[in-house]
Amino acid sequence: MPIFALIDCNSFYCSCERICQPELKRVPVVVLSNNDGCVIARTSEVKQLGIPMGAPFFQVRDQLAAAGVVVRSSNYTLYADISNRVMTVMASMLPAIEVYSIDEAWGDMSGVQEDLTEYGKRIRARLLQWVGMPVGVGISTTKTLAKLANWAAKKWPATGGVVDLTDPARQERLLRIAAVSEVWGVGRRLAARLRPLGIETAWDLAQFDIGTLRKTFGVTLERTARELRGISCIGINEGPPPKQAICSSKMFGRKLRDLGPIQEAMATYVTRAAEKLRQQQSLCGALQVSLQTQYHNPELPRYANGLTCPLATPTDDTRDLLAVALRGLRHIYRPGYAYSKCAVLLIDLSQRGEVTPDLFAPAPRRGAERLMSIVDQINKREGRGTVRLGRVPVEPDWGMRRDMMSRCYTTNWDELITVGA
DNA sequence: TCTGGGGTCCTAGGACCC
DNA sequence: TCTGGGGTCCTAGGACCC
């Protein structure tokens, strides 16, 4: 029988801030999304204040200030580095891990000989000592049960942050008290549609007739129900397959009306998407550009449009991708609107080396592959944007607002942590 | 004034093929 | 008078995840 562990960092972004500024350990902390828009990470004290995930910052600003909460803009450079450290430690203690997101990973514990809870506690202790990151560990025979075990580990501190849910009697006890919306794969909409059927808890879902679930809700929910019964349907995916679509999009730091700065933003996003494309060694056959005004204010005229543009030949050359994206952007741009966001989505991806070139397609630029690879190497070593196309500004005036950002303590020579002895 | 960004999977319907 | 059956591919939309 397989044994899965789900290891998940507590309030990941907040914990990263606390690792680098230990004095924050004694105060509540929140981290904001891009543009300091909404709250996306909260320490437990803040959760107790009743500040919900995703709360718009401007609505809770006063409440946070009154409670003495320290507010930080998100510092993804720092979080990515801490994440790598966490994953490296996990990989050193488990035969296989699947990195599931920036702050959590699945582990294969099938071969672990000693007591599972004890082993979970050792993983937890090592992450705390070596990286400074507090985590919760959920262990069970399916991924869905392990996820629920992890939920229990966080909900009840008395568990010491580790819950072993391999025993069927314990499974039943937990499933009976867990609301169905806590189950991995059951969101708000599904939970609302399940309630009329009398499905309120995870246990109700596990016991419900499988055939009806499949007919009414599809195979995804059927799989979830089977997993809750202890039948493993989802395995560990080491080295996930290359992505089938790559997106880069961001709200502008301020509203943009003219085409010029929107082109700069588009160039910046295309550059970023092309880097991700080359990282997974894919080529792009088509891209979608889109542009929109903000949708929260009904007073202002709204406009949103998108366009799919094929590439003449599959490519990973930033110059070719950008030329096509800018042509598409000119098509959908209309003067007279205050735009808040644009996006590029690379689609029709194929793996380099697996494409049959079109005999009649225009010849690729000479040396393009080598050029792009050198640009990527320089930017990796010297920092993103060291070598870039002319359209991409260094410090755009439309860039992200992040007024409360911590330093890049672990990745920038000028911002290293200083320790007093 | 101020509401994130980046993904996945599944389904249904239409076009088209033999 | 009579007009099949079984596929694939693509797209859009909806649900979910962190």
Side-chain angles (χ1 to χ4, degrees), chain A residues 6-13 30-41 51-62 64 71 73-74 76 79-80 83 98-106 143-144 147 150-151 180-194 213-224 233-234 237 240-255 265 268-269 272-273 276-277 280 285-286 288 290 292-300 306 308 310 338 340-349 400-404:
Chain A
L6 178 66
I7 305 167
D8 179 313
C9 302
N10 299 346
S11 311
F12 180 66
Y13 296 165
V30 300
V31 174
L32 304 178
S33 65
N34 284 338
N35 287 315
D36 296 339
C38 40
V39 174
I40 52 168
I51 305 283
M53 179 75 172
F57 178 50
F58 74 94
Q59 283 176 6
V60 295
R61 169 179 247 143
D62 295 343
L64 292 176
V71 180
S73 303
S74 40
Y76 287 104
Y79 307 155
S83 176
E98 173 189 341
V99 177
Y100 182 61
S101 73
I102 193 165
D103 75 328
E104 66 190 285
W106 304 99
K143 277 188 167 180
T144 306
K147 188 95 185 171
N150 181 283
W151 168 77
V180 70
S181 56
E182 301 296 345
V183 174
W184 185 45
V186 179
R188 226 171 9 127
R189 308 272 163 106
L190 266 179
R193 287 169 63 200
L194 290 171
L213 287 181
R214 186 194 186 111
K215 253 204 333 261
T216 320
F217 300 98
V219 293
T220 316
L221 194 67
E222 177 194 0
R223 219 159 21 216
T224 299
C233 308
I234 310 168
N237 255 333
K243 295 184 190 6
Q244 292 168 34
I246 292 172
C247 176
S248 181
S249 109
K250 254 187 219 65
M251 309 271 297
F252 308 132
R254 63 177 176 84
K255 301 284 176 284
T268 306
Y269 303 164
R272 178 76 193 108
K276 292 193 223 171
L277 182 73
Q280 64 167 27
Q288 277 171 16
S290 57
Q292 65 182 58
T293 59
Q294 69 147 4
Y295 41 84
H296 290 290
N297 187 346
E299 312 275 291
L300 297 172
T308 302
S340 66
K341 176 180 176 174
C342 72
V344 61
L345 178 69
L346 307 185
I347 51 175
D348 191 12
L349 306 189
M400 241 197 283
R401 284 193 311 271
R402 28 184 175 182
D403 302 333
M404 295 154 282

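Every chain is numbered from 1 and lettered A, B, ... according to where its sequence line falls, protein lines coming before strand lines. These figures come from a predicted structure and were not determined experimentally.
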Should A:Gln244 and A:Leu349 be marked as a side chain to side chain contact (heavy atoms under 4.5 Å, CB included) after you check the CA-CA gap, both sets of side-chain angles, and the distance that decides it? CA-CA 6 Å; A:Gln244 292 168 34; A:Leu349 306 189; 5.7 Å; no
Considering every strand and a 4.0 Å limit on heavy-atom distances, what is the contact class for A:Ile246: base, sugar-phosphate, or nothing? sugar-phosphate
5'-most to 3'-most nt of DNA chain B touching chain A (<4.0 Å, heavy-atom partner on protein side) reads B:dC2 to B:dT11
Checking all strands, does A:Arg61 fall into the base, sugar-phosphate, or nothing category for heavy-atom contacts under 4.0 angstrom? nothing
Assign the ring pair A:Tyr76 / A:Tyr13 to parallel, tilted or perpendicular, where the plane angle (0 to 90°) is split at 30° and 60°. perpendicular
Look only at the side chain of A:Ser33 and the backbone of A:Cys38, and say whether a donor-acceptor pair between them is shorter than 3.5 Å. yes
Among A:Thr220, A:Leu221, A:Val219, side-chain contact (heavy atoms from CB on, under 4.5 Å) partner for A:Leu213: A:Leu221
Minimum heavy-atom separation for A:Ala191 to A:Ser181, with atom names? CB-CB, 4.1 Å
Look up atom CZ in A:Phe252 and atom CE in A:Met400, then write down how far apart they are to the nearest 0.5 Å. 12.5 Å
Is there side-chain contact between A:Asn35 and A:Arg402, with heavy atoms separated by less than 4.5 Å? no
If we only count heavy atoms from C-beta on, is the A:Asp8 to A:Asp103 side-chain gap below 4.5 Å? yes
For A:Ser248, answer base if it contacts any base atom (sugar-phosphate contacts may also be present), sugar-phosphate if it contacts only those atoms, and nothing otherwise; contact means non-hydrogen atoms under 4.0 Å. sugar-phosphate
Heavy atoms under 4.0 Å, any strand shown: does A:Ile102 hit a base, just sugar-phosphate, or nothing? nothing
Using a heavy-atom cut-off of under 4.0 Å over every strand shown, decide if A:Ala343 touches base, sugar-phosphate, or nothing. nothing
Closest nucleotide of DNA chain B for A:Gly218 versus for A:Ala245: which of these residues is on the 5' side? A:Ala245
Have a look at A:Arg223 and say if it touches a base, only the backbone sugar-phosphate, or nothing, with a 4.0 Å heavy-atom cut-off. sugar-phosphate
Kindly confirm or rule out a cation-pi arrangement of A:Lys143 over A:Trp184, judged by NZ or CZ under 6.0 Å from the six-membered ring centre and within 45° of its axis? no
At 4.0 Å (heavy atoms only), tell me whether A:Asp36 reaches a base, stays on the sugar-phosphate, or touches nothing. nothing
Heavy atoms only, 4.0 Å cut-off, all strands: where does A:Tyr100 land among base, sugar-phosphate and nothing? sugar-phosphate
Base-paired stems in DNA chain C, each at least three Watson-Crick or G-U pairs under 3.5 Å: B:5-18 with C:5-18
